[in-house]
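For reference, the structure discussed in these notes is given below.
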Amino acid sequence: MSLTNRILTAMVAGILLGSLLNLLLQSAAMSGQIQIFLQEYLVDGLLDMVGRIFIASLKLLVVPLVLVSLICGASSLGDSARMGPIAVKTLCFYLATTAIAVSFALIFAVMIGPGENVQMAGQAEFQAAEPPPLVEVLVNIFPDNPIRAMADGKMLQIIVFALLLGYAISHAGEPGKRIAAFFRDMESVVMRMVGILMGLAPYGVFALLAKLFSTLGISAIADLAAYFFTVLIALLFHALVVYSLLFKSFSGLSPRIMITKMRSVWAFAFSTASSGATLPITLRTVERKLGVHNSVAGFTVPLGATINMDGTAIMQGVATVFIAQVYGVDLSVSAFITVILTATLASIGTAAVPGVGLVTLALVLGQAGLPVEGIALIIGVDRLLDMVRTAVNVTGDATVSVIVAKSENQFDESVFLNPRADIDQTDEAEPVVAVV
Ligand code: ASP
């Protein structure tokens with residue numbers, strides 16, 4: 001079986017085992033001792049441990065990978081004067097796709113009306129965090145200490161540092177060439193590490209999903225079914241229809257191939273609910289399966305994982321309408337425009353880790369004049385939606401990367417069209433993992 005199929009099988013098996021455990025742990029017919037054993041040793045013991053090791057091993061790769069691939073990319077583009085236009089184009093695409101995502105989310109939410117006739121207002125309490133001032137946010141993009149930025153995993157600061165270093169390398173003559181060759185070698189080595197750790201994915205994905213589904217309250221979904229399915233429909237529409245149309249019209253390539261090649265990235269995003277943890281896999285897939293040259297992918301993918309969150313913005317759009325309906329507030333046209341703008345900006349400020357979309361939702365609600373406590377109403381189903389919206393977030397990064405790379409001639413179509421691209425490398429890595 002190919003690695004992708006093994007990951008997908010592990011995903012289904014994890015969901016099934018988790019759901020079974022959920023039933024067993026709640027069943028009155030089951031002996032209390034067996035339940036304690038399952039909970040303590042299996043769910044909170046083995047599954048929790050394997051899942052956490054898997055996430056740690058993915059996160060471990062993020063900083064080295066972003067740093068070296070961005071340095072390689074910037075150093076190879078540095079003297080071609082294309083860095084600026086690529087950055088501007090990428091930013092425009094990221095912002096535009098997010099604005100489109102919220103707009104459709106609002107349309108779906110208004111059409112479906114998930115919060116109409118729901119009696120929940122006043123039930124909940126929620127303490128919103130104080131957002132940092134805009135000036136601070138902007139100043140914080142620039143690192144005063146690159147080592148601290150890396151230690152703290154501050155992605156935008158790492159991006160700024162790597163871009164500067166890469167640019168300097170491309171303008172430093174002979175010494176620059178030697179350093180560039182070193183970073184290119186490092187990039188291959190770190191990519192190899194990604195390949196090796198991908199071999200662990202079936203176990204990691206299985207453990208994460210089994211643990212999660214063993215605790216997931218499916219009954220919460222029943223209470224919030226209208227909200228849950230509205231978000232889900234909007235997410236699927238964006239991932240399958242909007243991206244495909246954009247992809248086809250801007251790159252002329254087949255969206256079907258893109259979707260097929262993104263399956264393993266989706267499995268990672270879905271099980272970790274973190275675009276940050278998925279970043280190594282997104283980057284490897286975008287470069288080695290979709291054919292985007294490192295000079296573009298090294299910049300667009302880490303930037304996208306940090307600031308481009310279409311799935312998150314969709315959830316925020318639907319949640320705003322839902323909360324307005326529950327509290328009986330009529331949203332004006334200007335409130336809708338405010339929601340589009342703030343959700344687009346909030347998605348930039350949303351960290352690429354689980355659950356943060358719900359925190360930045362406070363910003364959107366505040367701007368739209370809605371009670372922030374409304375967030376507490378939707379917390380119950382957020383984790384499952386987080387998993388799906390993270391998959392949408394990473395799809396947006398990959399889609400924009402291909403579009404930008406194609407328009408800049410930094411794209412290898414033969415890799416894109418080759419159904420076996422990168423399969424050989426990842427499979428090669430498996431025996432090593434078996435020994436580990
Ligand atoms: N979990 C999302 C991500 O990492 C962010 C969020 O919506 O909470 O992309």
Side-chain angles (χ1 to χ4, degrees), residues 51 54-56 58-59 61-63 65-66 94-95 97-99 101-102 105 126 128-129 131 153-156 204-205 208-209 212 216 227-228 230-232 234-236 238-239 243 262 265-283 285-286 300-320 322 339 342-365 372 375-376 378-401:
F54 174 60
I55 300 252
L58 287 174
K59 284 196 184 156
L61 294 169
V62 173
V63 172
L65 187 63
V66 169
Y94 280 155
L95 290 176
T97 48
T98 311
V102 206
F126 186 84
K154 293 242 164 71
M155 204 49 71
L156 290 179
V205 165
L208 282 177
L209 290 175
L212 192 81
L216 212 63
Y227 165 74
F228 181 84
T230 310
V231 179
L232 207 61
L235 287 172
L236 292 178
H238 195 67
Y243 284 145
M262 283 297 286
V265 183
W266 286 343
F268 276 83
F270 184 76
S271 50
T272 61
S274 164
S275 335
T278 311
L279 178 60
I281 317 304
T282 319
L283 190 55
T285 304
V286 167
T300 53
V301 175
L303 185 73
T306 317
I307 69 161
N308 181 48
M309 311 237 172
D310 297 357
T312 303
I314 287 173
M315 176 280 285
Q316 294 179 339
V318 177
T320 308
F322 173 75
V339 173
T342 38
T344 306
L345 294 179
S347 103
I348 298 179
T350 305
V353 291
V356 183
L358 214 53
V359 177
T360 46
L361 174 59
L363 267 176
V364 183
L365 292 177
V372 172
I375 293 178
I378 52 173
I379 284 181
V381 290
D382 194 63
R383 177 63 195 216
L384 206 52
L385 289 176
D386 194 5
M387 296 157 80
V388 185
R389 69 177 180 253
T390 305
V392 175
N393 290 346
V394 296
T395 311
D397 307 339
T399 307
V400 170
S401 300

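Both counts, for ligands and for their atoms, begin at 1 and track the order of listing. In this text, all values refer to a predicted model and were calculated from it rather than measured experimentally.
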Treating Tyr94 as the side-chain partner and Thr300 as the backbone partner, does any N or O pair qualify as donor plus acceptor under 3.5 Å?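 Yes; judged by distance alone, with no hydrogens or angles, the pair exists.
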Side chain Ser274, main chain Ala352, donor-acceptor under 3.5 Å: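 Yes, Ser274 side chain to Ala352 backbone: donor-acceptor pair under 3.5 Å.
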ring-ring contact (aromatic ring centres under 6.0 Å, His included) partners for Phe54, two or more places apart: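 Checked Phe54 against ring-ring contact (aromatic ring centres under 6.0 Å, His included); matches are Phe268.
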Below 4.0 angstrom from a heavy atom of [X], which ligand 1 atoms are there? Numbered from 1 as shown, please.
| X | answer |
| --- | --- |
| Gly355 | 8 (O) |
| Asn393 | 2 (C), 3 (C), 9 (O) |
| Ala352 | 4 (O) |
| Ser274 | 4 (O) |
| Pro354 | 1 (N) |
| Thr312 | 5 (C), 6 (C), 7 (O) |

[atom]: the protein heavy-atom neighbour that sits closest, reported with distance to 0.1 Å:
| atom | value |
| --- | --- |
| atom 1 (N) of ligand 1 | Asp386 OD1, 2.7 Å |
| atom 3 (C) of ligand 1 | Ser275 OG, 3.1 Å |
| atom 8 (O) of ligand 1 | Gly357 N, 2.7 Å |
| atom 5 (C) of ligand 1 | Val353 O, 3.6 Å |

Is the closest N or O pair between [X] and ligand 1 shorter than 3.5 Å?
| X | result |
| --- | --- |
| Ala351 | no |
| Thr350 | no |
| Val356 | yes |
| Leu358 | no |
| Ala273 | yes |

Tell me, please, which residues at least two apart from Thr312 pass side-chain hydrogen bond (donor to acceptor under 3.5 Å, both in side chains).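 Residues passing side-chain hydrogen bond (donor to acceptor under 3.5 Å, both in side chains) with Thr312: Asn393.
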Which option, Met309, Met387, Arg389, Met315, owns the non-hydrogen atom nearest atom 7 (O) of ligand 1?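 Going through Met309, Met387, Arg389, Met315 one by one, Arg389 has the nearest heavy atom to atom 7 (O) of ligand 1.
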Given side chain to side chain contact (heavy atoms under 4.5 Å, CB included), test Met387 with Leu209 step by step and report yes or no. CA-CA 10 Å; Met387 296 157 80; Leu209 290 175; 3.3 Å; yes
Checking side chain to side chain contact (heavy atoms under 4.5 Å, CB included) for the pair Ile378/Leu385: CA distance, chi angles, key distance, verdict? CA-CA 10 Å; Ile378 52 173; Leu385 289 176; over 6 Å; no
Val394, portion touching ligand 1 at heavy-atom distance under 4.0 Å: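 The answer is neither; Val394 stays 4.0 Å or more away.
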For Lys154 and Thr306: C-alpha separation, side-chain torsions, deciding distance, then whether side chain to side chain contact (heavy atoms under 4.5 Å, CB included) applies. CA-CA 10 Å; Lys154 293 242 164 71; Thr306 317; over 6 Å; no
Would you kindly say whether Thr98 and Asn308 are connected by a side-chain donor-acceptor distance under 3.5 Å?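 Side-chain D/A pair, Thr98 to Asn308: present.
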Please report the closest heavy-atom contact between [X] and [Y], naming both atoms and the distance.
| X | Y | value |
| --- | --- | --- |
| Leu208 | Ser271 | CD1-O, 3.5 Å |
| Met262 | Thr395 | CE-CA, 3.9 Å |
| Val394 | Val265 | CG2-CG1, 3.8 Å |

